[in-house]
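In listed order, ligands and their atoms are each counted from 1. All residue numbers in this chain count up from 1 along the given sequence. Keep in mind it's a predicted model, so treat the numbers as computed, not measured.
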Amino acid sequence: MIRLVVDTDPGVDDAHAIMAAAAYPDARIEAVTTVKGNVSLERTTANACTILDVMGINAPIYAGCEQALVAESGGAEGFHGADGLGDSAYPPSPRKVEAEHAVHALIRLANAEPGALTLVALGPLTNLALALRLDPTLPRKYRRLVVMGGAIRSMGNTTLTAEFNFHADPEAAAIILRDWTPLTLVSWETTVEHPFSEAQVKALLAHDSPRAEFLRRISQGALTFLEHLFGRPTMLEPDLLAMAAALEPEIVRRKATHHVAVELSGALTRGQTCVDWYGMSGKQPNVELALEMNTERVWELLQAALI
Ligand code: BDR
Ligand code: CA
């Protein structure tokens with residue numbers, strides 16, 4: 001049984017990832033921690049409640065940081081909708097959020113059962129960085145950390161060179177990459193190289209269930225956005241790919257371990273992911289990069305959540 005803690009900023013693809021995890025027979029979501037990212041903390045937390053409602057999951061939800069560690073950052077409403085869930089207009093969830101701060105929860109949960117929990121980070125790394133500063137032993141106490149973030153070949157989706165989650169809180173990303181070893185990273189380039197096909201998108205949308213209705217309503221805006229961009233129906237699933245790598249490590253068909261750091265001061269390149277592809281820095285490899293993944297299996301994980 002894979003026991004998950006999910007740190008997230010839902011977000012349409014965050015929702016897909018949480019749905020897949022909630023439906024996965026051999027996994028249990030033990031806690032969800034939220035962070036400001038795609039939309040405000042208030043909204044990401046409300047969205048996490050709605051997603052767990054739709055999936056019928058009782059895991060506790062802890063609200064985390066409402067700002068990045070150092071600099072102000074914008075959201076991704078243009079893609080995810082003003083509400084973060086495709087402007088799907090689901091009524092507010094009656095679910096109660098826990099009083100404990102997400103950062104304290106991340107520390108407490110790992111210390112209560114060292115080695116038991118897998119942490120999956122789907123948003124800016126603000127909560128994780130603060131937790132790590134308060135408790136540097138966390139990397140030994142979580143069984144695994146899988147992160148969605150970074151543009152490993154600097155093909156940014158937020159600036160020319162930076163990916164959204166790393167750009168939203170570069171200092172937090174830098175702390176985690178430097179001090180949380182080992183970790184697995186699913187990058188933006190790996191996401192773009194593993195899109196859902198038109199047939200896969202159609203099949204997902206064709207399901208007839210309340211969960212499928214939720215998926216359709218939250219995803220419509222993102223699908224339209226991507227169709228304009230690529231000229232054909234497709235779906236990119238950064239957070240679902242990261243979740244899939246946590247649920248089934250063999251879904252990653254090719255990986256490589258390199259030293260990776262985050263640029264903090266570039267005038268044009270703040271938040272850029274710097275990968276030492278050729279071992280030139282002499283620094284110890286610290287990050288396992290997921291390079292090729294089994295897209296068909298990733299798709300199956302999401303479609304299993306719609307039944
Ligand atoms: C990441 O940014 C967010 O908009 C998505 O939810 C994903 O976590 C992709 O760059
Ligand atoms: Ca996300």
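Side chains of Ser265 and Glu263: a donor on one and an acceptor on the other come within 3.5 Å. Checked by atom type, the side-chain pair Thr44/Asp9 shows no donor-acceptor distance below 3.5 Å. Side chains of Thr126 and Asp169: a donor-acceptor N/O pair is present below 3.5 angstrom, by distance only.
The shortest N or O to N or O distance between Leu122 and ligand 1 is below 3.5 Å. When only interatomic distances are considered, the shortest N/O to N/O separation between His80 and ligand 1 falls below 3.5 Å.
Close approach of ligand 1 to Glu163 (heavy-atom distance below 4.0 Å) involves ligand atoms 1 (C), 2 (O), 9 (C), 10 (O). Of all the atoms in ligand 1, the ones that sit under 4.0 Å from a non-hydrogen atom of Phe164 are 2 (O), 3 (C), 4 (O), 10 (O). Taking every heavy atom of Met148 and a limit of under 4.0 angstrom, the matching atoms of ligand 1 come to 1 (C), 7 (C), 8 (O), 9 (C). If you number the atoms of ligand 1 from 1 as listed, the ones under 4.0 Å from a heavy atom of Asn157 come out as 9 (C), 10 (O).
With respect to atom 3 (C) of ligand 1, the closest heavy atom belonging to the protein is Asn38 OD1, 3.1 Å. The protein heavy-atom contact nearest to atom 8 (O) of ligand 1 is Asp239 OD1, 2.6 Å. With respect to atom 6 (O) of ligand 1, the closest heavy atom belonging to the protein is Asp13 OD1, 2.6 Å.
Residue side and main chain included, Asp13 places no N/O/S atom under 3.0 Å of the Ca ion (ligand 2). Counting backbone and side-chain atoms alike, Gly123 contributes no N/O/S atom closer than 3.0 Å to the Ca ion (ligand 2).
Of the heavy atoms in Asp14, only side-chain atoms (C-beta onward) come closer than 4.0 Å to ligand 1.
Judged by distance alone, with hydrogens and angles left aside, the side-chain atoms of Asn47 form a donor-acceptor pair with the main-chain N or O of Asp83 at under 3.5 Å. A donor-acceptor pair under 3.5 Å is absent between the side-chain atoms of His194 and the main chain of Thr295, judged by distance alone. Looking only at distances, no side-chain donor or acceptor of Trp188 sits under 3.5 Å from a matching main-chain atom of Asn157. Looking at Arg216, its side chain does come within 3.5 Å of a backbone N or O of His207 through a donor-acceptor pair.
For the salt bridge (Lys or Arg N to Asp or Glu O under 4.0 Å) with Arg254, the lone residue among Glu292, Glu288, Glu193 that qualifies is Glu292.
The Ca ion (ligand 2) lies closest to atom OD1 when only the N/O/S atoms of Asp9 are considered. Within Asp239, the N/O/S atom positioned nearest the Ca ion (ligand 2) carries the name OD2.
Note: angle at the Ca ion (ligand 2), from O of Leu122 to OD1 of Asp14, is 140° (rounded to 10 degrees).
The closest approach between Pro238 and ligand 1 falls below 4.0 Å for a heavy atom of the residue.
Ion pairing between Arg232 and Glu198 fails under the 4.0 Å rule for side-chain N and carboxylate O.
Closest approach of Ala82 to Arg43, counting heavy atoms only: O-CD, 4.3 Å.
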